[in-house]
Amino acid sequence: MADAGFENRLLRMFDEPPPLGDSDLFAERVVARLDRGWGLRQVLIGAFGFVGGLIGAVQMMGSGLAPELERASEQSSQVLTSRVESLWRSSEALSAMPLSNEVVWMAAALGVMALAFAITRAVEEL
């Protein structure tokens, strides 16, 4: 087992690097470089972003992406409609089943338990 005093001395010796003589001058130069020309950089970045977005939009329009998206949208709406219809049919079959008070109270209790588990999980994450 290592000596605690020795460990503490080592930590104090190597915890922070020794200050350099020109550290203040170096910090001033870095700040000056960062402040220099920031407005011009913002304008250039914005202009290049706009030009890039414009080029991307033109290429998408030229590639025929719009008809493909329309076809995919129609197919997905047909699939969604068929799924909703099948769900509706299955819910009609469930509504024919007799439900007693015990089933309703059991579902409510399970919902409360699930909410309690979710809250405890959220509190543990924080």
Side-chain angles (χ1 to χ4, degrees):
M1 185 141 206
D3 181 27
F6 177 71
E7 293 284 334
N8 288 335
R9 280 194 312 257
L10 276 179
L11 284 176
R12 279 194 305 269
M13 286 172 47
F14 296 105
D15 194 22
E16 292 185 23
L20 298 176
D22 63 344
S23 61
D24 293 332
L25 179 64
F26 176 75
E28 288 175 14
R29 275 197 256 154
V30 168
V31 169
R33 279 188 182 172
L34 289 175
D35 288 341
R36 182 183 53 195
W38 185 246
L40 177 64
R41 283 185 216 154
Q42 286 179 333
V43 170
L44 285 175
I45 289 171
F48 287 137
F50 178 74
V51 169
L54 191 61
I55 290 171
V58 167
Q59 286 183 351
M60 277 200 234
M61 298 303 268
S63 69
L65 183 66
E68 291 293 326
L69 286 176
E70 185 177 345
R71 190 176 317 119
S73 175
E74 288 173 3
Q75 290 173 353
S76 66
S77 66
Q78 290 172 356
V79 168
L80 181 64
T81 302
S82 67
R83 299 286 180 176
V84 168
E85 287 175 356
S86 68
L87 181 64
W88 184 261
R89 284 189 216 111
S90 66
S91 69
E92 287 176 354
L94 285 176
S95 65
M97 295 176 60
L99 292 177
S100 64
N101 286 339
E102 291 86 15
V103 173
V104 173
W105 283 110
M106 184 62 69
L110 288 174
V112 169
M113 287 174 53
L115 182 63
F117 284 134
I119 289 173
T120 55
R121 179 66 183 245
V123 168
E124 285 177 2
E125 293 290 325
L126 294 176

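The analysis underlying the following values was restricted to heavy atoms, covering all of them including side chains, and did not include hydrogens, waters or symmetry mates. The structure presented is a predicted model; accordingly, all values stated were derived computationally and were not measured.
Summarising the geometry, atom CG belonging to L87 is positioned 11.0 Å from atom CD belonging to E85; distances are rounded to the nearest 0.5 Å. One finds the OG1 atom of T120 at 9.5 Å from the CG atom of L115 (value rounded to the nearest 0.5 Å). One finds the CH2 atom of W105 at 13.5 Å from the CG atom of L110 (value rounded to the nearest 0.5 Å).
Closest approach of R33 to R41, counting heavy atoms only: O-NH2, 3.4 Å.
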Using the salt bridge (charged side-chain N to carboxylate O under 4.0 Å, His left out) rule, take E68 and R71 through it: C-alpha gap first, then chi angles, then the decisive distance, then the call.
CA-CA 5 Å; E68 291 293 326; R71 190 176 317 119; 3.0 Å; yes
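There is no path of hydrophobic side-chain contacts, each under 4.5 Å, that joins V112 to V104. No single ILVMFWY cluster, assembled from side-chain heavy atoms under 4.5 Å apart, contains both L40 and L34. Residues F14 and F6 share a single hydrophobic cluster, defined by chaining ILVMFWY side chains whose heavy atoms lie under 4.5 Å apart.
Residues E124 and R121 are not paired through a salt bridge, judged by the lack of any N-O separation under 4.0 Å between the basic side chain and the carboxylate.
Between R12 and N8, the closest side-chain pair of non-hydrogen atoms falls below 4.5 Å.
Between the side chain of S73 and the backbone N or O of L69, no donor-acceptor pair lies under 3.5 Å.
For Q42, the CD atom counts as densely surrounded, since its 6.0 Å shell holds more than 12 non-hydrogen atoms of other residues, nucleotides or ligands.
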